[in-house]
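The structure under discussion appears below in the form of structure tokens.
Heavy-atom basis, side chains included; hydrogens, waters and symmetry copies ignored.
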Amino acid sequence: MVRAGTDRLNNNVEQVNALNVFPVPDGDTGTNMNLTLTSGLEEMEKQAAADEVGKLAEALSKGLLMGARGNSGVILSQLFRGFGKGVAEYTQLTARQFADGLKQGMETAYKAVIKPVEGTVLTVAREAAEKGVAVSRQSDKLTDVMEAVLEQARVSLDRTPEQLPVLKQANVVDAGGQGLVLIYEGFLAALTGEEVVSPVAQPVNKAADLDRLSDIAHEQSAQSHFETGDIEHGYCTEFIVKLDPAKVEKTPFSEENFREDMGRFGDSLLVVADDDLVKIHIHAEYPGEAMTYAQQYGELTRIKIDNMREQHSTILESEGEKESPAPTDAKPYGLVAVAVGDGVAEIFRSLGVDSVIQGGQTMNPSTEEIVQAVKNLHAEHILVLPNNKNIIMSAEQVGNLVDVPVTVLPTRTIPQGLAALLSFNAEEEPEVNRDRMMSSAHGVQSGEVTYAVRDSQYDGGEIEEGDYLGIWDGNISVAGKTLTDVSRDLLTQMVSDEADVVTILYGEDVMEDQLQEITRFLEQQFPDVECEIHYGGQPLYYFFFSVE
């Protein structure tokens with residue numbers, strides 16, 4: 001089933017990618033889901049000789065988690081992580097056990113996202129799993145259950161535009177949901193031995209207003225990340241509970257009940273439980289109460305309490321078992337950044353980054369790649385700069401997979417990452433660095449110039465495939481037929497009277513005369529603004545602009 005689902009998705013990657021709203025070169029949903037699922041299948045194949053379905057599901061879950069790319073890949077990994085836990089004890093699966101596993105996978109994915117958004121792959125997974133559970137109570141045939149799951153998934157997918165405004169305005173269905181439907185089609189084909197024929201949803205020619213769409217999409221994206229945002233409780237509290245078998249026998253542990261009880265102590269809650277560990281993140285006004293509650297299940301370790309109002313942290317020692325101290329020769333910080341282009345990577349290294357992972361908009365690195373970069377550094381604390389909105393969620397999984405503390409700075413662009421590094425101070429505590437660096441990142445206006453990969457629209461008019469696009473802080477602001485015209489128009493919008501510095505990172509396809517024309521324009525139009533020019537070497541994106 002997993003092989004067939006992977007093949008089905010792989011054969012339709014471009015159709016899923018075409019459902020994405022933005023017409024720019026992108027690490028699209030179909031690509032990310034396909035690479036993630038392929039990683040899971042590869043890990044599963046290593047257990048191909050196993051005679052227990054639970055072992056296969058465990059291997060699939062491990063491979064998906066390590067190979068997760070982009071937000072869609074992370075959510076897919078959570079769906080099968082929960083499924084793996086649900087069937088872990090089984091040698092074989094009945095139809096009912098399979099359906100219950102899908103339901104547990106859906107619940108795990110919902111719990112992993114603090115503010116789930118309906119009209120996405122989560123909705124498709126939930127409604128399909130619920131239908132599967134209902135049918136499994138009436139029939140013991142797995143094919144009956146899978147047919148019902150697929151039928152409901154298709155119905156739910158068709159309804160996503162009514163649930164999510166960004167989809168309705170673009171007149172497309174959710175790309176992640178379409179990817180999941182393809183996987184389910186492969187599952188059914190493997191069970192019946194027959195090819196499942198179903199047309200993949202295609203975007204209509206009528207394009208949407210991309211400015212408006214990007215605003216909505218950014219809002220939805222922000223809701224689907226584990227971001228702090230505005231908080232009412234003053235202490236950012238993180239700790240791990242080492243489950244004590246004796247205590248758990250006396251007070252049985254339930255992840256669902258634990259999460260519900262912890263919710264009384266604050267907000268921005270994240271609970272991730274494994275066989276013997278529970279990791280907690282919560283913003284609490286009285287963190288001691290939350291930890292006292294958690295101690296009934298075991299010892300506390302890796303405690304961190306940060307006073308967010310004063311922008312400094314206090315590291316508390318656990319009264320229970322303490323972790324082994326880091327080697328004395330470990331440096332205080334290790335820095336990991338994701339970047340695209342040899343020139344950009346070299347700039348990051350010159351600013352103190354220890355490990356640069358090649359990746360970006362068109363190729364999102366996997367969680368495993370970031371994990372390996374972290375493990376290769378000998379430091380007491382790791383800072384990770386994703387420098388792309390679609391890599392943030394993958395980076396946020398890393399802290400659960402390594403022993404060293406990891407702080408992810410949610411930088412969304414290359415200019416933001418560079419600005420953040422200029423505010424880094426190795427003498428400060430991690431939370432102080434995070435606040436200061438993100439403040440600098442948010443103080444930079446980011447611009448990009450690329451080209452359209454499909455026909456579309458924006459509020460300035462029509463976009464034709466091959467047009468040059470000027471993107472300002474994630475929104476398409478300019479479209480035109482020549483690179484220099486689009487670049488000049490974008491800079492005119494970005495540079496204000498208060499601007500002091502404009503930094504240009506030019507890509508591998510930029511000609512010398514094009515670069516000179518842009519610099520002459522800046523000198524003539526904005527004589528009081530300092531202009532810095534660096535070779536970035538990035539493909540597909542002709543310029544990265546930052547304005548401070």
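With Phe348 as reference, Ile414 is the one residue of Leu335, Ile414, Val336, Val338 to meet the side-chain contact (heavy atoms from CB on, under 4.5 Å) rule.
In this structure, CG in Leu65 is found 10.0 Å from OG in Ser366, a value given to the nearest 0.5 Å. Rounding to the nearest 0.5 angstrom, the gap separating the CD atom in Gln15 from the CG atom in Leu182 is 8.0 Å. Atom CZ of Arg259 sits about 10.5 Å away from atom CG of Asn257, to the nearest 0.5 Å. Here the CD-CG distance, from Gln47 to Leu60, works out to 11.5 Å after rounding to the nearest 0.5 Å. We find the CD1-CZ distance between Ile391 and Arg412 to be 12.0 Å, quoted to the nearest 0.5 Å. Summarising the geometry, atom OG belonging to Ser423 is positioned 14.0 Å from atom CZ belonging to Arg434; distances are rounded to the nearest 0.5 Å.
Applying the salt bridge (Lys or Arg N to Asp or Glu O under 4.0 Å) rule to Lys375 yields no partners; only residues at least two apart in sequence or on another chain are considered. For Asp342, there are no salt bridge (Lys or Arg N to Asp or Glu O under 4.0 Å) partners two or more places apart in sequence or in a different chain. By the side-chain hydrogen bond (donor to acceptor under 3.5 Å, both in side chains) test, Ser439 is found to be paired with no residue, residues two or more places apart in sequence or in another chain being considered. In this structure, the side-chain hydrogen bond (donor to acceptor under 3.5 Å, both in side chains) partners of Thr411, at least two apart in sequence or on a different chain, are Asn387. Residues meeting the side-chain hydrogen bond (donor to acceptor under 3.5 Å, both in side chains) test with Glu58, sequence neighbours left out: none. With sequence neighbours excluded, the residues that form a ring pair (Phe, Tyr, Trp, His ring centres under 6.0 Å) with Phe543 are Phe545. Considering only residues two or more places apart in sequence or on other chains, Glu256 meets the salt bridge (Lys or Arg N to Asp or Glu O under 4.0 Å) condition with none of them. Residues that satisfy the ring pair (Phe, Tyr, Trp, His ring centres under 6.0 Å) test with Phe424, not counting sequence neighbours, are Tyr333.
At distances below 3.5 Å, at least one donor-acceptor pair connects side-chain atoms of Asn433 with backbone N or O atoms of Asn425. Side chain of Gln538 to main chain of Leu505: a donor-acceptor pair is present (N/O by atom type, distance under 3.5 Å, no hydrogens or angles). Between the side chain of Thr29 and the main chain of Gly176, no donor-acceptor pair closer than 3.5 Å is present. Checked by atom type and distance alone, the side chain of Ser61 never pairs as donor or acceptor with a backbone atom of Ala57 at under 3.5 Å. Judged purely by atom type and a 3.5 angstrom limit, Thr38 uses its side chain to pair as donor or acceptor with the backbone of Asn34. The closest donor-acceptor contact from the side chain of Thr36 to the backbone of Arg69 lies under 3.5 Å. Checking side-chain atoms of Gln372 against main-chain N and O of Glu369 turns up no donor-acceptor pair under 3.5 Å. Side-chain atoms of Thr413 never come within 3.5 Å of backbone atoms of Ser446 as a donor-acceptor pair (strictly under, hydrogens ignored). At least one donor-acceptor pair under 3.5 Å links the side chain of Gln397 to the backbone N or O of Met393.
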Show me the side-chain donor-acceptor pairs of residues 98-106 shorter than 3.5 Å, one per line, residues at least two apart or across chains.
residue, atom, partner, partner atom, Å
Asp100, OD1, Arg137, NH1, 3.0
Asp100, OD1, Arg137, NH2, 3.2
Lys103, NZ, Glu107, OE2, 2.6

Quick one: side chains of residues 116-128, donor-acceptor pairs under 3.5 Å with protein atoms, not counting sequence neighbours, listed by atom name and distance.
residue, atom, partner, partner atom, Å
Glu118, OE1, Tyr110, OH, 3.3
Glu118, OE1, Thr123, OG1, 2.5
Glu118, OE1, Arg126, NH2, 3.1
Glu118, OE2, Tyr110, OH, 3.0
Thr120, OG1, Val117, O, 2.9
Thr120, OG1, Leu122, N, 3.3
Thr123, OG1, Gly119, N, 2.8
Arg126, NE, Tyr110, OH, 3.1
Glu127, OE1, Ser156, OG, 2.4
Glu127, OE1, Arg159, NH2, 2.6
Glu127, OE2, Arg159, NH2, 3.2

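Within a 6.0 Å sphere centred on CD of Gln358, heavy atoms belonging to other residues, nucleotides or ligands number more than 12.
Here the closest heavy-atom approach between residue Phe239 and residue Thr237 is recorded as CD2-CG2, 3.9 Å. When all heavy atoms of Gly359 and Pro365 are compared, the pair lying nearest together is CA-CD, 4.3 Å. Of all heavy-atom pairs between Met262 and Ala290, the closest is CE-CB, 3.7 Å. Residues Ala395 and Ile370 approach most closely at CA-CD1, 3.9 Å, considering heavy atoms. In terms of heavy-atom proximity, Asn388 sits nearest to Asn364 at OD1-ND2, 4.3 Å. The two residues Met438 and Leu409 make their nearest non-hydrogen contact at SD-CB, 3.7 Å.
The aromatic rings of Phe83 and Phe80 sit perpendicular, their planes meeting at an angle over 60°, well past the 30° parallel limit.
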Verify side-chain contact (heavy atoms from CB on, under 4.5 Å) between Gln78 and Ile75, making sure each step is shown before the conclusion.
CA-CA 5 Å; Gln78 294 301 305; Ile75 292 174; 5.6 Å; no
Please test Arg81 against Leu64 for side-chain contact (heavy atoms from CB on, under 4.5 Å), starting from the C-alpha separation and ending with a verdict.
CA-CA 8 Å; Arg81 171 177 177 259; Leu64 285 164; over 6 Å; no
Before you tell me yes or no, could you show the steps for Ile183 and Leu76 under side-chain contact (heavy atoms from CB on, under 4.5 Å), namely the whole-Å CA-CA distance, both residues' side-chain angles and the distance that decides it to 0.1 Å?
CA-CA 11 Å; Ile183 295 169; Leu76 184 65; 3.9 Å; yes
Apply side-chain contact (heavy atoms from CB on, under 4.5 Å) to residues Val278 and Tyr297 and explain how you reach the verdict.
CA-CA 10 Å; Val278 185; Tyr297 296 104; over 6 Å; no
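Applying the ring-ring contact (aromatic ring centres under 6.0 Å, His included) test to every pair with at least one member in residues 388-423, sequence neighbours left out, gives no pairs at all. Within the structure, the salt bridge (Lys or Arg N to Asp or Glu O under 4.0 Å) test picks out the following pairs touching residues 345-360 (sequence neighbours left out): Lys331-Asp354, Glu346-Arg349.
For the pair Leu422/Leu351, a side-chain contact is recorded, criterion being any heavy-atom separation below 4.5 Å from C-beta on.
Asn17 and Thr31 form a side-chain donor-acceptor contact under 3.5 Å, judged by distance and modelled atom types alone.
Salt-bridge formation is not detected for the pair Lys46/Glu42: no Lys NZ or Arg NE/NH1/NH2 atom is positioned less than 4.0 Å from an Asp or Glu carboxylate oxygen.
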